Amino acid sequence: MSLATRPQAAKAADLLVWYDRHRRVLPWRALPGERPDPYRVWVSEIMLQQTTIAAVKPYFERFMARFPTVEALAAAPSEDVMQAWAGLGYYSRARNLHACAKAVAERHGGVFPDSEDGLRELPGIGAYTAGAVAAIAFDRPAAAVDGNVERVMTRLFAIDEPLPGSKPLIREQVLALLPHQRPGDFAQALMDLGATICTPRSPACGLCPWREPCEARQAGTQETYPRKQPKKTGKTRFGAAFVAMREDGAVLVRTRPAKGLLGGMVEVPTSEWSADYVLDNAQADAPLKAAWRRTLVPVRHVFTHFPLELAVYVAKVPMATLVPEGMRFTPFARLREEAFPNVFLKALEAGLEALRPPPSAP
DNA sequence: TAACCGTGGCT
DNA sequence: TAGCCAAGGTT
């Protein structure tokens, strides 16, 4: 080993020593000495994209029980996959996950590619996930640069260029640190360090294995990293949601188009959503003619790029009601089986509450 | 490159 | 409260 690379090797070694003592125990993570299951690693990585561990855990356990293997997932109807994902958000992940399972089952004999390049070809697997699965599942020397790693590296080297422009440099620095031994543990160690020590606010520098070499720590500026471009917030959009309940309790629903916002998920019918939506003639947007009445409180929901406020209209409709084109009535007892995103669960709950008959006088 | 794409928790 | 943040990918 050359003198020039020795400090990097020392950094990696120090991190692995820390990891062996402080590694987190996670449902999808193999214990020391165990061989990781690529299927579980892959599913966990997709679920964890922009999503907290606490939110993922129950979904992961249910998902594994329902789809134990990549073949089982590939063979499942897409409605089942979307229903298993409902509430987790970023639903294109679920569509791509299903497509990826089919590709692995059909093109790779049910075996995941073990290289970064091979993984990168699959739907829903980008630069980060390809590196993470290659490293974690197959112990390949790959960089897995997520938000944690970006934070750790920009602090360690006091990288002042704001994200995302600094991504290539960060990736270079990670590759320069990669150890020849245990690259999979190194990838996980870097993420554990970012998640538990090198946190966005109030990092625990006193406990960090890299407290000595960390350039930001030396300058006392660690909490100012990573530098980022400020993001702009979207304008609130408005609209109306329509909860139509048949006399037998069935509710009118429809499936959204496969692409775009909440693509492939189930909704109660709504109007268009826009910043200047006028509520006065909302009933013109109703899916069918009925005695619509508006609930007292609108449903508010915040998406990544805009807030939404939906007025909720409810109506009781007769059994003989014609089902509008592209819609269906779901029996009341089966509403929980539908792949409703949270915003429509909110609208549905508000509607059902308004439709509930008042308690009879004693 | 930048916009799009959910949700929940925390400060 | 309002903004930030969390194991990002696609177009």
Side-chain angles (χ1 to χ4, degrees), chain A residues 24 26-29 36 40-60 82 85-97 99-100 119-137 142-152 162-165 167-168 170-171 174 184 187-196 198-203 223 225-226 228-237 256-265 267 300-308 339-346:
Chain A
R24 291 176 292 174
L26 299 168
W28 43 85
R29 179 178 281 184
R40 293 171 66 88
V41 171
W42 164 67
V43 171
S44 72
E45 288 300 338
I46 304 298
M47 285 189 172
L48 286 162
Q49 289 169 5
Q50 300 297 117
T51 309
T52 59
I53 286 176
V56 165
K57 273 182 179 173
Y59 278 86
F60 180 81
M82 300 313 287
W85 203 275
L88 246 196
Y90 284 133
Y91 299 100
S92 67
R93 293 186 296 174
R95 299 194 298 273
N96 286 328
L97 184 89
C100 183
L119 289 160
R120 187 68 182 76
E121 300 293 317
L122 294 165
I125 297 187
Y128 162 75
T129 306
V133 174
I136 296 170
V145 184
D146 70 341
N148 288 310
V149 177
E150 286 172 352
R151 188 169 56 254
V152 171
L163 286 165
K167 277 175 177 271
I170 292 169
R171 180 179 174 79
V174 171
Q188 296 176 89
L190 215 40
M191 287 188 271
D192 278 19
L193 186 69
T196 64
C198 197
T199 50
R201 286 175 299 278
S202 304
E223 288 199 58
Y225 295 94
K228 286 184 183 177
Q229 302 282 12
K231 47 187 148 189
K232 40 195 159 191
T233 57
K235 278 186 233 172
T236 299
R237 297 181 199 177
R256 292 175 62 87
K259 295 189 175 182
L261 185 71
L262 307 172
M265 304 300 285
E267 66 178 0
R300 295 174 205 281
H301 192 78
V302 180
F303 293 103
T304 307
H305 50 301
F306 67 93
L308 174 67
F340 288 115
N342 274 10
V343 60
F344 298 119
L345 282 181
K346 289 183 191 176

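Every value quoted in this text rests on a predicted model; they were computed, and no experiment measured them. Throughout, a chain's letter reflects where its sequence line sits, starting with A, and its residues are numbered from 1.
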Using a 4.0 Å heavy-atom cut-off across all strands, classify Leu88(A) as base, sugar-phosphate, or nothing. base
Any side-chain N or O of His305(A) less than 4.0 Å from the OP1 or OP2 oxygen of dC4(B)? no
If we only count heavy atoms from C-beta on, is the Pro203(A) to Glu223(A) side-chain gap below 4.5 Å? yes
Please state how far atom CG in Leu308(A) lies from atom C1' in dT7(B), giving the value in whole angstrom units. 14 Å
Whole angstroms only, please: what is the CZ-C1' distance between Arg237(A) and dC5(B)? 11 Å
Using whole Å, report how far NZ of Lys346(A) lies from C1' of dT7(B). 9 Å
With P as the reference atom in both, quote the distance from dA7(C) to dC4(B) in angstrom, rounded to an integer. 24 Å
Leu97(A) and Trp85(A): CA distance, side-chain angles, deciding distance, side chain to side chain contact (heavy atoms under 4.5 Å, CB included) verdict: CA-CA 10 Å; Leu97(A) 184 89; Trp85(A) 203 275; 3.8 Å; yes
For dC5(B) and dA2(C), measure between their P atoms and round to the nearest Å. 24 Å
So does Lys346(A) have more than 12 non-hydrogen atoms from other groups sitting under 6.0 Å from NZ? yes
CZ of Arg256(A) versus C1' of dC4(B): gap in Å, rounded? 14 Å
Could you check how far CZ of Arg300(A) sits from P of dT1(C), rounded to whole Å? 11 Å
Check this one for me: any side-chain N or O of His301(A) less than 4.0 Å away from OP1 or OP2 of dG6(B)? no
Quick one: label Gly87(A) by what it contacts on the DNA or RNA (base, sugar-phosphate, nothing), any heavy atom closer than 4.0 Å. sugar-phosphate
Using the closest heavy atom to pick a nucleotide of DNA chain B for each, name whichever of Ala54(A) or Leu261(A) lands nearer the 5' end. Leu261(A)
Measure from NZ on Lys57(A) to C1' on dG9(B) and round the result to the nearest Å. 15 Å
What's Val56(A) touching, base or sugar-phosphate or nothing? Going by heavy atoms closer than 4.0 Å. nothing
Taking C-beta and beyond as the side chain, do Leu261(A) and Arg256(A) meet within less than 4.5 Å on heavy atoms? yes
Look at all strands and tell whether Pro341(A) reaches a base, only sugar-phosphate, or nothing, counting heavy atoms closer than 4.0 Å. sugar-phosphate
Quick tally for nucleotides 5-11 of chain C: nucleotides whose base has a protein heavy atom under 4.0 Å get B, sugar-phosphate-only ones S, the rest -, giving SBBBSS-
Heavy-atom check, side chain of Ile53(A) versus side chain of Phe60(A), under 4.5 Å: no
When rounded to the nearest Å, what value does the distance between P atoms of dG6(B) and dT11(C) take? 14 Å
How are the rings of Phe306(A) and Phe303(A) set relative to one another: parallel (under 30°), tilted (30 to 60°) or perpendicular (over 60°)? tilted
Backbone of Val145(A) reached by a side-chain donor or acceptor of Arg171(A) within 3.5 Å: no
